[in-house]
Trainee: 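Supplied in structure tokens, the structure appears directly below.
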Amino acid sequence: MTDAPVLPVRSTFRWVALGVLAVVVLAVILLSLRPSSEGATGGLVGKRAPEFRGVSVDGVEVLRNPKSYLVVNFFASWCVPCRDEHPELVRFASSEHGREVQLVAVAFDQADVASATKFFVDNHGTWPLVTDPNGKLAVGFGVHGLPATFVVDPDGVVAAQLLGRVTETWLVEATTPKVPRA
Amino acid sequence: MSDARLQDSQDSPLQGRSRRADRVAWLVIALVLIASVSIALWRGIENPATDGERLQNLASALQCPTCNGLSVLQSESPMAKASREEIANQIASGRSDGEIRTFFVERYGEKTWVVPRKEGAELLVWTIPVVLGVLLLGACVLYVRRGWQGRRAGGPRNGSRSSDASDSFNSVDSSGASDSVGVPKVDSLTPMWSPRKKLVVTVGFVVAVVVVGGIMVVISRERDAKSPEILMMQASERARNNEPLDAIKAYDELLAQQPSNARALARRAWLLRLAGLHHEAKDGLDAALRLDQTLVEGYYYRALLRFEDLGDAEGARSDAAAALRYLPDDAEASKAWRERLEGLMGAEGLSGQG
């Protein structure tokens, strides 16, 4: 029997286990440092907007007017913040600045179109209300909560987007060219 | 004579039988492993991802935008359905998986993609399980090897089992040295496991592989549980592959889930028309267009059917004109439909009338 030093197996496994644990902890830390999702606010800003094409609840086809800003507001009648923001949209639509802007509402929930239309009519909604039967518009704009508002500039680029209540001030600012157009 | 042969010739009958059993067991394990890997590779090579599989993979990797914790494949919310349809449309228009991913990431952010990327820190999510798996496998192999071959027991170092080992067959060396690795003082091997235990371990291994494989097959079948979009894509593929009956079956499955799917009704009707069932096809197309009055392909199919099979040029013209009113948003698709419809309207016997 020799007296050479012996490395116990248990000790080896302990080191391996510690190494694995260190790697896992490192991975968790690195993954948690991953940049957070920008989906909530700025996903499409600065990018080309999806082509806007819808049919209003009156059966009229609604297309983007390339000569003006387009404001697309996704809402549902059961959404409380949507109801809250509605007076702001009404004020904006009736303002001088707002009249130069193409404002369109999209009934986000297909099962809610009738209620949405009633709410819209009862609350002085004068701009087109379009339906989105296959959710194509909502997916195209990346809607994942209500209300959601997107501003498309005359070049067809998304100038601003907001998940949550809009205000008249925000709408005016978002639909004002940053650089005066030639 | 080689050492092994020399060793065999020196083994007792019991030890020789055990050694042969060992070899057979290792051979079985190797064969099972090779067969499993070969089948997996063969399936991968023989069956490259079809459009339906791509849709399924992408939909299962994309988090539903409006429902927590579910992928768009699992959720039946309107947004999930719309997302599946968007993926299907983009696949049909020839976009790559990367482009489709970019489309959704641009809109919903990076975290919307349930499956991490294979780059940067997220690469760790892919590599760590592999590293852990290799370590676990290594530990299992060491454990089995020690049990199989025996623990090292003290004795003169001669590079082979000592004959004493056979005397202590099935015995466990209780000396402290047996728990050591890379120890210069030990060299002989004392088998620890009886042939019965080795048999149990071998059978257990094979059963484990079969059970794990079976579970994977079941999971895979469950994943294949068809969503309407996947059925639609499969039906289209089968129609393209000239398998109309299989395509109709897929449409039937789809329509059982979504009786009001106008597109499926129209495409099914078109397949019936190809089978010569003109009136059934006409009924199907009428039903589809009642459900969706903007369905361009429905009008196109009905126009063709009316013109070519039913001799109704006036009806065909009217359908073609209706289709032109509802061309899709996508510029390329719109152009293709316009050309098709104008080609039809310019056909002899249809143009210049009315």
Side-chain angles (χ1 to χ4, degrees), chain A residues 1-13 16-17 19-20 23-24 26-45 47-48 50-55 61 63 108-111 132-146 158 161, chain B residues 63-67 72 77-87 89 103-113 116-117 120-125 127-128 131-132 135-136 138-139 142 146 154-155 157 175-186 292 294 325-326 328-331:
Chain A
M1 192 164 166
T2 62
D3 296 328
V6 172
L7 180 64
V9 172
R10 203 170 289 172
S11 170
T12 308
F13 278 126
V16 170
V20 169
V23 172
V24 171
L26 184 68
V28 169
I29 290 170
L30 285 174
L31 287 173
S32 66
L33 293 177
R34 200 160 65 124
S36 63
S37 164
E38 336 50 341
T41 49
L44 277 185
V45 174
K47 300 193 175 88
R48 183 146 288 280
E51 189 174 358
F52 189 87
R53 189 175 193 176
V55 178
E61 189 172 43
L63 300 169
F108 175 78
D109 184 349
Q110 202 51 31
D132 188 18
N134 301 319
K136 192 173 172 59
L137 285 172
V139 170
F141 278 97
V143 176
H144 57 100
L146 292 178
V158 177
Q161 72 178 70
Chain B
Q63 197 170 3
C64 169
T66 53
C67 30
V72 300
S77 74
M79 280 300 285
K81 286 180 186 170
S83 301
R84 288 199 297 259
E85 200 166 300
E86 184 65 39
I87 295 172
N89 288 339
F103 174 90
F104 283 99
V105 167
E106 268 181 4
R107 282 155 179 80
Y108 296 108
E110 192 64 57
K111 282 185 177 171
T112 196
W113 214 256
R117 288 176 303 171
E122 289 172 67
L123 185 61
L124 290 172
V125 176
T127 51
I128 285 176
V131 171
L132 290 179
L135 286 174
L136 186 67
L142 278 178
R146 284 178 68 213
R157 184 179 182 85
S175 74
S178 65
D179 274 335
S180 306
V181 291
V183 186
K185 64 172 183 170
V186 292
D292 183 356
T294 65
R325 282 202 297 276
Y326 299 111
D329 298 346
D330 181 74

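These figures come from a predicted structure and were not determined experimentally. Lettering follows sequence order; numbering is per chain, from 1.
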Trainee: How many angstroms lie between NE2 in A:His144 and OG1 in B:Thr112, if you round to the nearest 0.5 Å?
Mentor: 8.5 Å
Trainee: Which atoms of A:Phe108 are under 4.5 Å from chain B, going by heavy atoms: the side chain, the backbone, both sets, or neither?
Mentor: side chain
Trainee: Testing the basics here: between A:Val139 and B:Arg107, what is the closest heavy-atom pair and its distance to 0.1 Å?
Mentor: O-CD, 3.3 Å
Trainee: Under a 4.5 Å cut-off applied to non-hydrogen side-chain atoms, are A:Lys47 and B:Glu106 in contact?
Mentor: yes
Trainee: Can you see which heavy atom on A:Ala138 is nearest to which on B:Met79, and at what distance?
Mentor: CB-SD, 3.6 Å
